[in-house]
Structures are given as structure tokens and as C-alpha cells.
Amino acid sequence: MPMEKTFDAAEAEQRLYEAWEKAGCFTAGANASRPETFCIMIPPPNVTGSLHMGHAFNNTLQDILVRWHRMRGFDTLWQPGQDHAGIATQMVVERQLAKEGNPGRREMGREKFLEKVWDWKGQSGGTIVNQLKRLGASCDWSRNAFTMSGAPGAPEGEDGNFHDAVIKVFVDMYNNGLIYRGKRLVNWDPHFETAISDLEVENIEVPGHMWHFKYPLAGGETYTYVEKDENGTVILEEERDYISIATTRPETMLGDGAVAVHPSDERYAPIVGKLCEIPVGPKEHRRLIPIITDDYPDPAFGSGAVKITGAHDFNDYGVAQRNGIPKYRLMDTRAHLREDGAPYADCARQAQAILGGAEASEAEIDAINLVPDHLRGLDRFEARKRVIDEITAEMLAVMTRADDPRLGKAALEPGAEGADALVPLVEAKPIMQPFGDRSKQVIEPMLTDQWFVDTQKIVGPALDAVRKGMAAQEAGAFDETAGYTRILPERDAKTYFHWLENIEPWCISRQLWWGHQIPVWYGLDLDASHFADDEGDNALDDVELYRLLNEGFVQRGARHHCAADFETVTAQFQDVLAGLPAPLHAMRVVEVSGRTAAEEVLAESLADYNLSQDPTRLVYPIWRDPDVLDTWFSSGLWPIGTLGWPETTPELAKYFPTDVLITGFDIIFFWVARMMMMQLAVVDQIPFHTVYVHALVRDEKGKKMSKSLGNVLDPLELIDEYGADAVRFTLTAMAAMGRDLKLSTSRIAGYRNFGTKIWNATRFAEMNGVFQGYAPTGDIPAPGETVNKWIVGEVARVREAVDEALAAYRFNDAANALYAFVWGKVCDWYVEFSKPLLMDGTEAQKAETRATMAWVIDQCLILLHPIMPYITEELWGTTADRRKMLVHADWPAYGVDLIDAGADREMNWVIALIEEIRSARAQMNVPAGAKIAMLYTELDEAGKTAWARNEAMIQRMARIESLTEAKTLPKGCVTIAVEGGAFALPLEGIIDVAEEKARLEKTLSKLEKDLKGLEGRLKNPKFVESAPEDVVEETKDLAAAKTEEAAKLRVALERLAELA
RNA sequence: GGGCGGUUAGCUCAGCGGUAGAGCACUACGUUGACAUCGUAGGGGUCACUGGUUCGAUCCCAGUACCGCCCA
């Protein structure tokens, strides 16, 4: 039964993938035949996610490397898995609960909610896996990992020890002083009420406003404000009793701690060190703040003076830190203005006292609520309006003419009616605003207590490893086993260095429920060092107990201990308790839900003791930190965690450190750098020796694909339409290192056609008996026919090119080399050349050609398989009974020694001759079907041999009837000049003399132009002296060949002239 | 404002010291016993600009212009 005309991808893909999986083709170590291992860790997609173009690209490249190594016999593991995507997953589940009319997360409670999340994970966690399978990804799915596996509450089937690994690392790092708790500014998402990472913040330029306000100097003081232009000429001089401030966020004025100017700014020199008044809030409690100097303010921007709100702006935070300015928090977790704490009057007084030099702890400052009573509880944007209105009403806004262009759309036409009226200066200008990428809310920088990794302490080895790796790479001496890491392309190593050299502490706590809960427990502070029992008997009476409770436990903060489980942490608390006076030294540690509960339980316990005097009933309540760890903290452990660490599994021993990480440039900071730091900190080894960083897949116009733009290409739809192979080949062919790829469907269609091409070449072979009784031996054919010798050499050439390209991660070079070979060499020439042999040859010729063609097609399938796995596997199965599937076929190792130089030269001559004849015919409008005679006036020995051996092919492909020698050419000939030969097509009657003349002249003029350049070089003695010898030789040969060809054309032109 | 990158055929992009390439698109011809998801032939480029290094520059260096991306 003849083959179909095209490959039915939709029908075959699933069948083939199932066959691979069923045969265990992808399991770790499958097809291994040598000791070397090759391991790639998949960048874990979100468990909530679905396949987008970036995944398709990323995983195609990984699959190519994996399949290539597996076929070469490496002990190969492609480790798949997903991460739990804390915020995204929690959001999806909450939305779903709301949609189904269920109670919300908080009503439901943590445990119940997490059950729902696990349920949901069970239902849809497999989506991305199935999508990766459709792409053809040859991961070892039996090892599929998940960053939450083994967490408390994980259902059956979600075991595994990733959770243990994460917790162990936290505890170890904590014990080594690498993790600490602190109050720092973080990105706060008011919708999800959690800290989020920089990665989850999108800075978007939006139309915004900049308000200009006057901060009056304390006590009505005045100074002379002088403004000069760049030449030093005074352009403004006036007495002022205020300093002018510009802000895009007026509501944060309430928390200002200072006004800063640049030390070099002469305009404000007279008032530096003085106090000014924040122009908002009740008049009687206006807060005064100092005017300070700092390098941060840009004298050229706005007024040059910057208000400093340390608790709500990242730059201000730095200024406040440097200058000891208190950082007053204004908002609650929903970004509403605070309602807690003492009345405003008290708080303002406290703040003023601090300004006057009063000591205050971080916690005490945080307790101060500087929101005026009437603004408390307002949403931040509502509060902004109110603040603006109040300041404006008080005439403390900076004013300008109503036609000031800075007002933007609100400005009147210049000179229009009312243009000279004064209005508040509110500049309309684009501002960069941070948005939560999930919540789409404006992110609020917020001063909160969080857990941090002290990255400064672990960054060194991560920097060193890549510095060494890049140095080796540059020196061309890269060694995969040397324990260093290179980043390709080099540019991305710069990004890595830049980020790590300026690294900030890493905030790893998230105020979420879905994630690894931080293994830290808190207890009320029992430090009794300041406490003296009245009798000095080291035992407490009731009065002392009460005092200790009231003054100590409750007033003071909490203490915490870190351990992997409650038992261990209990022991740690008990060690501390043991130092307390009796009866407290033997309190039983119990777990409660939080601090409030702890205070209650402790009070109850003491009250109970009061009555019972039974010390065994005394309990000491502790509560666990409710926060979870940043998802990146767990995915930072991906390389060791997926291999079973902290257990010493055989996989860990075998595959770690892994080999290559393939990932997008957008997560170099967030993931690559962190994996480097974490692996080095935890197991003191690099996680991989090579990081290949690829760019973004954009739409065909170069726009980033986004749902809101509607320009998203869905890889699954593309696979449906064109087949996975076409999508994969397209992505591969466009994967030039470090460049974005702009994807268009016409390109994919083009590569789908490529698949059809190889399909039909195979179909031709099959129809001509090439595979009849074909029993592949793996032996390289040693044919006698020139054309067969030639194609064997071409196969060897492309094999080297492909291996070289893949070894250098030049995926596009590999794809393009294969495309050019399969289509341009095999289909365009070899198949055509083979026709006379297969159809009219001797039995020996037929047999030899069949054997060669079978081998050639096998090689095409093998070499193409890593890029186009499906169609190649299908053809492999169609054409013969094989010992192994193609996915496990042996990758060839033959080299260019298979090239027969003579055959190569001869076939290139034949091809050139055919092309010349075809070109001449087409230009002379000879009907394509017409068979014509050909003459030659000269033909060297090589040419004669070549003609003799390939006559049938040339005649067939160039539609030539005969070849005869001619001493003189008849009138009306078309001339064809090739190396060592001058041919002519006698076309009297058909030929247009003028056209032939034009054709020859055009060719000749191009030749002459080339010759001029070549000869110019050769005549230059410095060229001959300084250029490499082979370049000079090459130039000479080329010049000679061109001279010869030009001579032939001139003869032809003379002949034409006689004719005319 | 700082950093990184780009500017090569109509489009999308390779190349990178020594004859300017590919795919797609375009034009003409073609049912040649694998393929019209095809074949054959063809048109199309002062390799952004200005200097420099070199025997030789699209390629290396410096500057200019424009366009991206990241970070402020």
C-alpha cells in the first residue's frame, strides 16, 4: 500500500507519544550506553499554568538537547515538575470559590482552604503536563516533581520530600545566621495583603500628576530664594517663608520625616538644618520636620527639594536610613489609612518628642499613627484627594497661570480669557507606577516585619563560579566538570553580575496560606534578667507572678525559635524556660493560633495556678509564624530538591550537578541567581555548568505577546493546525542566541511544508523499492556510483555541522543546516539524480542506489529527530522493521573523511552545468518541456569523464537530447560556460539575439566587476605579503577561473556580433 | 537619568575581517512517473550615518541618529 501524500500529524502525534512512554523511552538512563550523564532540570511551570509560546520555545530547546544526548548514549535525565505558585494559585482557588458561591478563604479557615487548593491541584495540575507532552517533550514523567510535595495536609499521591528539603534549608540557613527577621520596606500588594517579589511587580507608565506644595518654615522664618540659569545669571529672587515640594503621592505627606535637598544646592543652603511644617492635618498639631541634605535629591528635578517618607518609598527609605529619620507607617494591609493606635494628637506629640531627641524603638515608631483622625480608615486614593483639597484650601499649593502648559489638558489656551488667573500647579505628566502583576493593584511600598535571606553572605560563591566559568569560556578552555558555570550568551552574564553585585536582602516571607509555612514559633518574651523576685528565693509568689505577666510577657515583644517541627522547637523553648524561677521553669509548651490566644492562655494558666497551686498545670503557649515562604525560595532548591535531597539518593549522586539550564532572560535574577546561591550555600556545589538564556517570543510585529493586546499565539492551536514538528522546527530555526524571535504563522507553514518534503522524498524511495527487504545494519554504504559517493559525503558534512551547532547551543544553525541539506541537497538533487539509476540502471546500480538512498534517508531521520520527533519516528517505523525506535537510534559519529573529493568535484560540476543550462533556457524562453541538442567547443578531460558518467542525469534534468562536439558553432547559439568546458545550445529561430547579448553582457559585467576587485587585491604587494597564504591562493584561483569564464563569454559575444 | 542591545533584500532575520546569505513575500514559466504543503528561472541590498585601525571593514574601535529592553 503506497504511503499517504502527507503526514497526518493530528492522528500520529498522540499515538507516537504513547508508544514512547509505554516503552519507557524517556525514563532516566534509557538508551544509556556510556558512562557520561546528561541532566536537565525543567524550569518548573506554575501548577496553575497552561502552555504559552515561551514554554513551547523553552521546552523545545531542552528537548532537542535531551533527545540528542539520549541518542548519543548518554545516561540522560530530563527532570520535569511544577512549582506551587503561591500567589497565583491562591488567587485562582479563591476566585473559583467565589464563583461557586462558597464561603471565602478567611471564613473557611486555613486548613479547609488548603484542602480546596489541593483538590484543585489534583484536578488541573496535569494540564501543563499534557500540554508539554503534545509538544513532544521527552521528560521522565515518572519522576514528575512538585515544590509542595510532602507538605503537611498533602493528599495521597502528593508525597515526596520537597517540603522536607525546603524546611531543612530554612532551618539550616537560620541556624547559620543566613536568615533573619527584620523590618524593611517591601512591595506590598493591598489586594492579596502580602509582600510580593520584584518579579511580580510591573512598572507601567501611566498618566499621572505632580502636585507642588509649600512647606512653611517653622516660626514664620524667611529666607532669600535665588534661582540662576546655567550661565549664573539670576532669573528669580524673592523672599520666601516656605520650601516648595513636588510629589506624585500627596497622601504620603502625613508620614514625612524630613525634607531633603542636595548638599550642593545653593538655593536652599540658608535653610538647611531648620525646621519646616507639614502643611496638612489639624492646625494645632502641625508636625515639624527638619530640612536635611542628602545626595539623593536631583537639584534639576522639580523644586530640587524632596519630602522623605521612609515607610512608603524605596528611595526615601534609603535617605531615612542614612540620616536617622524615623519611618512612619501610614497604611494598613489593605492600603487604607491606619485606624489603629492612639489619637492623632497623642501620636503627633510623640513624633515631635522623637524629633526633639526622645529615644524610640522601631516597634514604638511603628505604633505611632500619624494619620489625622478625620482621615483614618480612608482608602489611600480617597485620602489623597482630601489631602490635596485641604492644602489647597489653606492656600499652600504652589500657584501658576491658568495657561501654564505644564497643566496638560487642564491648561487654558495661551492668552485665553482667564489665562492670567492663578490656579494650583498640578503638572500632568506620565509617571512610572508599580502594579501587582496578578492583582493589577498599585503596589504600596510598605514597612513590615518580614523574613530575609542575608544574600550578602551567600552571594560570593555564586559570583565566583560564574566569573571563573566566563573566564574559561572566553579562553576557549571551558570544562564542564570544573565546578564553575558559564552563562550563554555572554551578555546575560553581565546582567547576572550586575544584579548580584548590587544584591539586596531577599524577602522570603509571604502573607499567604498556600506555600511552605515558615518553621518558626513565637512565644511571649520570658527573659527574666531584669526581674528580681522580692525574696530572692528563686521562686515566685502570686504578686511576682502577676507583675511578671503584666510587665514582662505582655509588654515586651516575642521571642522566636526555628526548627523543623514542633517537638524540636518545644525543646528549644524549654531550654529557655529552664532559666526561669520556679514554678515557671517547668511550664509545659503548648501550641496556640497566635499572640492574642497566647496571652489569653497564659493568663488563664496563671490564674488557674493561683487557685490550684499545681505547677504541672502551667502551660507556656507558643504560636507558629502564619506566613509562608516565597515560591522562589522553594524553586531555588529545584536542582537538589527534585533529586531527593536531603536524602542521599542514587539520582542525586548520579545526576547532580546537572548539566544545562535553559531559561528565559526574564528570570535570571529571580531564579538562576537564586539557584546558584542556594545550591552553593546548601550543598556547596554549582547546580549546572551551563546556563543557556533565550529571549522572548514576540508576535510578528515584535510586540510582546499579551492577553490584553490579543496578539497571543497559542502553541496548542498552532500544533493543532501545523503539527508539533512544524512549531518546534520554527522555534528552533529562529533561536539565534540572544535575539527575540518574532513569530508568524507563515513561517510555521513553511516548515510544515519542509516536513511534507521529507515525507514525500521517503514516499518516492518507498515507491521505488528502496525499502523492499530493507534490513538496516547501520553500516555506512561504500558505493561505486559518483552520485552515491557524493551524497554519502554530504551526509557526513551535515552530521558534523549539526553536532558542532548543537554543542555550541547554536540551535538555529543546526536547524538551518538540516533544512538546507534535506531540501537543497537530498530532495533537489540526489532524488532527481537517482531516478535514471533506479529506473533504468543495471541491477547492480539499482541495488547500490537503493541501499545508499535507504541509508541517506535514515540519516536524515536520525539527524532531524531531536527537532522534529514525530514525523521522523513515523517514517522510521514505516520504512523498516527496526530493532529500536528512532528515539533510541544510535546517533552517527562518521566524519568528513567520508567525503570523496573527486565525487564532490564532479557532482558540483554537473550541478553547475545543469543550472547554467536551465538558466539560459529560461531566459531564452525555451519551452520548459522541449528537449534540445547541445554542442561543445571545448571540454577538458575531467569534463568529458563527468559528462560520460552523468549523461543520463544531465540530459534528464536539463532537458538535453544530445551532446556533440563542434569545431565551429552554427548561427544563433546560446553560450554556456563552465569550468573546463564551453557549451552551446543551437537555438536558431528561437533565440532572440538581442536578449542573448544582454544576458551575456550582464553576466560578463558582473564577472569583470568581481575580477577587478580580485586583481586589485593581487596587484597590491602588501596584500600578497600580509594576507594568509591560503587566502592569496584562493584569490588567485578564483581570479583564474573568472578570467577563463570571461574569455568564453567574450568569444560568444563576438560571435553574436557577427550574427547581427 | 543609568545600563544593555539593535539598525543587513519588501517582511522576519542569519552572518561577522578576505566573492553579501536564508525563509517568507514578489514576478514569469511549468499537470517533467515523491511532493502544487510542489518544481524551474528571476528581480531585489552605497550591510543606518561619520570618522579611525588594517593590505583589506557589513564585521574591530570611536562618535552621531533612530528604535527596543531592563533599572531608576
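In the text below, chain A, chain B and the rest are named by the order of the sequence lines, each starting its count at 1.
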Report task. Could you check whether Trp823(A) gets within reach of a base, just the sugar-phosphate, or nothing at all, counting any heavy atom under 4.0 Å? Result -> sugar-phosphate
Query raised in the report: Looking across every strand, which nucleic acid part, if any, lies under 4.0 Å from Pro1028(A) by heavy atom: base, sugar-phosphate, or nothing?
Result: base
Requested in this report: For Arg747(A), report the nucleic acid contact type (base, sugar-phosphate, nothing); a contact means any heavy atom under 4.0 Å.
Outcome: base
Query - Among A14(B), A34(B), G18(B), the nucleotide that comes nearest once only the side chain of Asp813(A) is considered - result: A14(B)
Query raised in the report: Does Arg810(A) put a side-chain nitrogen or oxygen below 4.0 Å from OP1 or OP2 of A14(B)?
Result: no
Query - Sugar-phosphate only, base, or nothing, as touched by Glu832(A) at under 4.0 Å among non-hydrogen atoms - result: base
**Report entry** G5(B) OP1/OP2 closer than 4.0 Å to side-chain N/O of Lys494(A)
**Finding:** yes
Requested in this report: Quote, to the nearest angstrom, the C1' distance that separates G10(B) from G43(B).
Outcome: 12 Å
Requested in this report: Compare side-chain N and O positions of Ser746(A) against OP1 and OP2 of A25(B) and report whether any pair is under 4.0 Å apart.
Outcome: no
Query raised in the report: Distance-only, no hydrogens or angles: does the Trp823(A) side chain make a donor-acceptor pair with backbone N or O of Asp828(A) under 3.5 Å?
Result: no
Query raised in the report: Lys931(A) side chain N/O closer than 4.0 Å to the phosphate oxygens (OP1, OP2) of U32(B)?
Result: no
Query raised in the report: Does a side chain donor of either Tyr830(A) or Asn788(A) reach within less than 3.5 Å of an acceptor in the other side chain?
Result: yes
Requested in this report: Would you kindly check whether a donor in the side chain of Lys757(A) faces an acceptor in the base of C35(B), or vice versa, at under 3.5 angstrom?
Outcome: yes
Report task. Assign Ser919(A) to base, sugar-phosphate, or nothing according to its heavy-atom contacts below 4.0 angstrom with the strands shown. Result -> sugar-phosphate
**Report entry** Any Asn925(A) side-chain nitrogen or oxygen under 4.0 Å from OP1 or OP2 of C29(B)
**Finding:** no
**Report entry** Arg184(A)/Glu504(A) salt bridge by N-O under 4.0 Å criterion
**Finding:** yes
Query raised in the report: Do Glu4(A) side-chain and A34(B) base share a donor-acceptor contact under 3.5 Å?
Result: no
Query raised in the report: At under 4.0 Å between heavy atoms, what does Arg752(A) touch on the DNA or RNA strands: base, sugar-phosphate, or nothing?
Result: base
Query raised in the report: What does Ala928(A) touch in the nucleic acid at a heavy-atom separation under 4.0 angstrom: a base, only the sugar-phosphate, or nothing?
Result: nothing
Report task. Give a yes/no on whether any side-chain N or O of Arg1017(A) is located under 4.0 angstrom from OP1 or OP2 of U19(B). Result -> yes
Query raised in the report: Roughly how far apart, to the nearest Å, are C71(B) and U8(B) at atom C1'?
Result: 31 Å
**Report entry** Under-4.0 Å side-chain N/O to phosphate OP1/OP2 contact, Trp759(A) with C38(B)
**Finding:** no
Query raised in the report: Across the strands shown, which category fits Asn816(A) at heavy-atom distances under 4.0 angstrom: base, sugar-phosphate, nothing?
Result: nothing
Query raised in the report: Any salt bridge between Arg999(A) and Glu996(A), counting N to O under 4.0 Å?
Result: yes
Query raised in the report: Which part of the nucleic acid, if any, lies within contact of Tyr819(A), taking any heavy atom under 4.0 Å across all strands shown: a base, the sugar-phosphate backbone alone, or nothing?
Result: sugar-phosphate
Query - Donor-acceptor contact present, side-chain Asn502(A) to main-chain His498(A), <3.5 Å - result: yes
